[in-house]
Amino acid sequence: MKQFSLFVLLLLCGAMLTSSAQDLTSVNFHLKDINGKDQSFQKYLDKVKAGGEKGAILLSFWAMWCEPCKQEMKSLVETYNKLKDKNFHYIAINLDNPRSLAKVKAYVTSQKLPYEFWMDPNSEAFKKLNGQSMPYSLLVDRDGKLIAKHTGFIPGDEKKLEDEIRSIVE
C-alpha cells in the first residue's frame with residue numbers, strides 16, 4: 001500500500017510540474033533591447049493580449065557564432081512579414097557578451113531583420129526558460145501558454161514553425 005501511495009504521489013507531482021511548465025504567465029525577465037531600452041517579458045505579453053483575441057510571440061535565443069540560429073532568423077522573415085498584422089511578434093534574444101553588442105547591431109542592420117532584438121548577456125532568461133542549446137525557440141500564445149518548443153534548426157523547419165504560428169493567430 002505504501003508503494004502504491006508513493007506511486008500516486010509521484011504521478012501527481014509530475015503532472016503538476018508538467019502543467020506549470022506549460023504556463024509562462026508567471027515567468028518574467030527583464031532585459032535590454034538592442035538600443036539599450038529596458039524590456040519586460042510580462043509587459044510585452046500584456047501588449048500582445050491587448051492586440052486582439054488571438055496573438056503569439058516567438059522567443060528565439062541565438063548568438064553570433066550560431067549559424068543555425070542565423071538561418072532560422074533569416075528563414076522566418078517571410079513568415080513574420082505575412083503574419084505580423086495578425087498580432088504575431090518575434091523576439092530574438094541574443095546571448096553574446098556585452099562587448100559583442102556592436103557586432104550584433106551591425107549584423108541585424110546588414111541582414112535587415114525586422115524583429116525585436118533583446119540582449120541576454122548572462123543567459124538569465126535562457127536559463128529561466130530551461131534553454132540547453134541553440135537555437136532555442138519558444139512559441140507562446142497571447143495568454144502566456146507555451147504552444148511549442150524547438151531546439152536546433154535545419155532548413156525546412158520554418159514551414160513547421162509557420163504552421164504552428166498560423167494555428168494560433170488565424
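All residue numbers refer to positions in the sequence shown, counting from 1.
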Practice item. May I ask you to check whether over 12 heavy atoms, not counting those of E170, lie within 6.0 Å of atom CD? Key: yes
Practice item. Quick one: do Y115 and W62 satisfy ring pair (Phe, Tyr, Trp, His ring centres under 6.0 Å)? Show the steps, please. Key: CA-CA 13 Å; Y115 317 125; W62 71 288; 9.8 Å; no
Check your understanding: Between D96 and N94, do the side chains contain an N or O donor and an N or O acceptor separated by less than 3.5 Å?
Key -> yes
Exercise for review: For L24 and F41, work out which heavy atoms get closest and say how close.
Suggested key: O-CE2, 3.8 Å
Exercise for review: Determine, for R166 against E162, whether the closest basic-nitrogen to carboxylate-oxygen distance falls under 4.0 angstrom.
Suggested key: yes
**Study point:** Heavy atoms of other groups near E78 CD, more than 12 under 6.0 Å
**Key:** no
Exercise for review: Determine whether the side chains of E72 and S60 contain a donor N or O and an acceptor N or O closer than 3.5 Å.
Suggested key: yes
Check your understanding: Picking from L31, D33, L138, what satisfies side chain to side chain contact (heavy atoms under 4.5 Å, CB included) with I93?
Key -> L31
Point to revise | Pair E67 + K70, salt bridge at N-O below 4.0 Å | key: yes
Exercise for review: Apply side-chain contact (heavy atoms from CB on, under 4.5 Å) to the pair M134 and W65, showing each step before the final yes or no.
Suggested key: CA-CA 10 Å; M134 291 184 288; W65 53 264; 3.2 Å; yes
**Study point:** D23/K145 ion pair, N-O < 4.0 Å
**Key:** no
Check your understanding: Under 30°, 30 to 60°, or over 60°: which ring-plane class applies to Y90 and F88, parallel, tilted or perpendicular?
Key -> perpendicular
Review point. Is any side-chain heavy atom of K74 closer than 4.5 Å to a side-chain heavy atom of Q111?
Key: yes
**Study point:** Heavy-atom neighbours of K160 NZ exceed 12 at 6.0 Å
**Key:** no
